[in-house]
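See structure below.
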Number of protein chains: 2
Amino acid sequence: MTKARTHVLEAITQAKEPVSARQLCEKFQSDYDPATVYRALHYLEEKGRLDSFILHCAEHGTERYYVLHSEEHRHWFHCERCHRFTDLGLCRFDDLVAQMSLEKGLAITSHTFYATGICPECRRKM
Amino acid sequence: MTKARTHVLEAITQAKEPVSARQLCEKFQSDYDPATVYRALHYLEEKGRLDSFILHCAEHGTERYYVLHSEEHRHWFHCERCHRFTDLGLCRFDDLVAQMSLEKGLAITSHTFYATGICPECRRKM
DNA sequence: TATAATTTGCAAGTGACTTGCAAATTATAA
DNA sequence: TTATAATTTGCAAGTCACTTGCAAATTATA
Ligand SMILES: [Mn+2]
Ligand SMILES: [Mn+2]
Ligand SMILES: [Zn+2]
Ligand SMILES: [Zn+2]
């Protein structure tokens with residue numbers, strides 16, 4: 001593990017919620033080139049240390065977000081006001097997904113789910 | 001409705017599955033400029049005639065897909081082999097989403113779900 | 001320590017849109 | 001119908017989130 005990769009992994013570990021590549025590039029802009037940050041993310045995901053997903057939000061556009069890898073598949077809520085994530089816990093869609101798969105004869109290998117809206121903190125401030 | 005907008009809407013109507021902006025640009029490349037196609041899509045979605053979502057597939061990257069607007073919210077399966085969509089029917093996640101929302105005190109205003117894998121036709125050809 | 005393999009920074013390239021602007025269409029008024 | 005105003009279009013350039021080529025800098029192995 002090089003310094004850049006170690007620092008990127010540490011930042012994601014500390015965040016405890018999905019972090020976008022752009023956020024990491026900003027955080028490390030005085031230390032590492034964006035290309036290095038992107039390459040570190042690819043390396044860490046390839047090595048199984050990170051998971052990622054793509055999310056679109058009106059304000060920030062379409063970006064890939066990274067979390068520490070976990071064996072258990074989780075889903076997230078994204079607040080459109082403060083842009084923080086709330087952990088929705090382990091996936092509860094397996095039965096429904098299996099059912100859909102069966103109904104249509106599909107070999108479903110993965111699914112993407114996320115919810116958006118306003119988090120409790122932001123709602124209080126409205 | 002201008003000619004361009006009418007043609008874009010017709011193409012999506014005939015497709016009966018989500019169509020990407022890129023596919024439409026290709027289809028109309030001899031008739032309309034990509035900027036016109038994109039503007040027609042924005043116009044039609046703004047007027048409530050179309051719905052759209054963003055999906056990432058390894059082969060085609062991240063693109064926005066368009067379907068005719070429907071009051072009932074549906075979800076789709078995307079085949080990673082032939083890149084066609086299968087309708088998974090009306091959303092069955094409302095109860096689970098309401099439960100998550102309640103548990104965390106979130107005001108969930110929308111959710112995104114899609115499944116990927118191999119469709120029956122492609123599986124047969126393997 | 002010499003040498004080979006890997007990683008990094010920088011600059012340029014990509015792909016999916018988005019935007020400024022002037023010309024072409026279309027709509028409304030006279 | 002014709003003058004005038006509003007909207008839409010094509011084209012070129014711009015933006016944004018990455019991605020890639022390449023030579024210099026690090027790091028690993030002999
Ligand atoms: Mn956001
Ligand atoms: Mn695809
Ligand atoms: Zn919030
Ligand atoms: Zn298929």
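- Residue A:R5 places at least one side-chain N or O closer than 4.0 Å to OP1 or OP2 of C:dT7.
- An OP1 or OP2 oxygen of C:dT8 is reached within less than 4.0 angstrom by a side-chain nitrogen or oxygen of A:T2.
- Residue B:Y43 contributes atom OH, which lies 15 Å from atom C1' of D:dT9 at whole-angstrom precision.
- Between B:T62 and the phosphate of C:dA16, there is no side-chain N or O to OP1/OP2 separation shorter than 4.0 Å.
- Using a 4.0 Å cut-off between charged nitrogen and carboxylate oxygen, A:R92 and B:E103 count as a salt-bridge pair.
- Taking the charged nitrogens against the carboxylate oxygens, B:E26 and B:R22 do have a contact shorter than 4.0 Å, which makes a salt bridge.
- The pair B:R123-B:E80 fails the salt-bridge criterion, with no side-chain N (NZ, NE, NH1 or NH2) lying under 4.0 Å from an Asp/Glu carboxylate O.
- The nearest whole Å value for the distance from the CE atom in A:M1 to the P atom in C:dT6 is 17 Å.
- Contact detail for B:W76 and B:K16: the closest heavy-atom pair is CH2-O, 4.1 Å.
- When distances are taken from the side chain of B:D33 to each of D:dC11, C:dC17, C:dC10, the shortest belongs to D:dC11.
- Distance NZ (A:K3) to C1' (C:dG9): 14 Å, rounded to an integer number of Å.
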For side chain to side chain contact (heavy atoms under 4.5 Å, CB included), just list the numbers for B:F77 and A:I108, CA-CA rounded to whole Å, side-chain angles, deciding distance to a tenth of an Å, and then say yes or no.
CA-CA 8 Å; B:F77 166 87; A:I108 294 180; 3.8 Å; yes

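- Atom P of nucleotide D:dC16 and atom CD of A:E59 are separated by 14 Å, given to the nearest angstrom.
- Side-chain proximity of A:E63 to C:dC17, D:dC11, D:dA17: nearest is D:dA17.
- If you measure from atom NE2 of B:H56 to atom P of C:dG15, you get 14 Å, rounded to the nearest angstrom.
- Across all strands, B:R39 comes closer than 4.0 Å to base atoms (heavy-atom distances).
- In this entry the distance linking OH of B:Y32 with P of C:dC17 reads 20 Å, nearest Å.
- Applying the Watson-Crick and G-U wobble criteria (two distances, each under 3.5 Å), D:dA24 pairs with C:dT7.
- With a cut-off of 3.5 Å on both pairing distances, the Watson-Crick or G-U wobble partner of D:dA30 is C:dT1.
- Rounded to a whole Å, the CZ atom of A:R22 is 17 Å from the P atom of D:dT15.
- Between the NE2 atom of A:H60 and the C1' atom of D:dC18 there is a distance of 17 Å, given to the nearest Å.
- Taking only side-chain atoms of B:Y38, from C-beta outward, the nucleotide of D:dC11, C:dC17, D:dT9 with the closest atom is C:dC17.
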